[in-house]
Amino acid sequence: MSEAINKIWSTLLAVPKGKVVSYGQLADLAGQPRGHRLAARALKIAPDELQLPWHRVIAASGKIAIAKESESYRLQMELLRAEGVEVTNGRINMNKYRWQPDLAELLWTLKH
DNA sequence: TTGCTGACTGCCT
DNA sequence: CAGGCAGCCAGCA
């Protein structure tokens, strides 16, 4: 597995409950400035045993990025709501729920 | 090496 | 607000 993918996974582990990040933001924090595609790929191939909070990753527009007919779409929406994140019409208020890590949190992600 | 494919983005209609 | 589209870049055939 590539190092970049691993960084993305560990960065994702730092996202707190009740907050969300976009694919692009996640890639940025993981040290991949233009790696939004990579971030998407990282989630797609992530092993279940890692227990990543994958549902906290959404499109920059605030929408859930999965096909809405899929089972995962429904699951993601449920998981977010269970954490207190409002999901209305498949959209999320990014200004309100976007994760904005402070320095301590960023350093934590760098260690992993 | 080449070409195609995305759980994406930002810009333009 | 809903498409359409080019840009993006790591995998894979």
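Order of the sequence lines sets the chain letters (A, B, ...), proteins ahead of strands, with each chain counted from 1.
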Expressed in angstrom and rounded to an integer, what is the separation of [X] atom [atom1] from [N] atom [atom2]?
X	N	atom1	atom2	value
Ile5(A)	dG6(B)	CD1	C1'	13 Å
Glu3(A)	dA10(C)	CD	P	14 Å
Ile45(A)	dG6(B)	CD1	C1'	13 Å
Tyr23(A)	dC9(C)	OH	P	19 Å
Lys44(A)	dA10(C)	NZ	P	17 Å
Trp9(A)	dA7(B)	CH2	P	16 Å
Ile58(A)	dT9(B)	CD1	C1'	14 Å
Lys63(A)	dG10(B)	NZ	C1'	13 Å

- Message: If I take atom OG from residue Ser2(A) and atom CD1 from residue Ile8(A), how far apart are they, to the nearest 0.5 angstrom?
- Response: 7.5 Å
- Which of dG11(C), dC8(B), dT9(B) is nearest the side chain of Ala65(A)? It is dC8(B)
Please tell me if the side chains of [X] and [Y] come closer than 4.5 Å, counting only heavy atoms from C-beta onward.
X	Y	answer
Leu12(A)	Leu43(A)	yes
Trp9(A)	Ile45(A)	yes
Ser22(A)	Val57(A)	no
Leu29(A)	Gln25(A)	yes
Trp54(A)	Val15(A)	no
Lys63(A)	Ile58(A)	no

- DNA chain B-proximal residues of residues 70-95 of chain A, any heavy atom under 4.0 Å: none
- Task: Extract the stems that DNA chain C is part of, considering only consecutive pairing runs of at least three Watson-Crick or G-U wobble pairs, both distances under 3.5 Å.
- Result: B:2-6 with C:9-13, B:8-13 with C:2-7
- Message: Considering only residues two or more places apart or on different chains, which pairs with a residue in residues 79-100 of chain A satisfy salt bridge (Lys or Arg N to Asp or Glu O under 4.0 Å)?
- Response: Arg56(A)-Glu83(A), Glu86(A)-Lys96(A)
- Task: Using heavy atoms to find the nearest nucleotide of DNA chain C for His36(A) and Arg41(A) separately, return the residue whose nucleotide is more 5′.
- Result: His36(A)
- dC9(C) base / Arg34(A) side chain donor-acceptor hit below 3.5 Å: no
- Base of dG11(C) paired with side chain of Arg37(A) (donor-acceptor, under 3.5 Å): no
- Query: According to a strict under-4.0 Å criterion, is Ser2(A) in side-chain N/O contact with OP1 or OP2 of dA10(C)?
  - Reply: no
- Query: Do the charged groups of Glu3(A) and Lys7(A) touch, with an N to O distance under 4.0 Å?
  - Reply: no
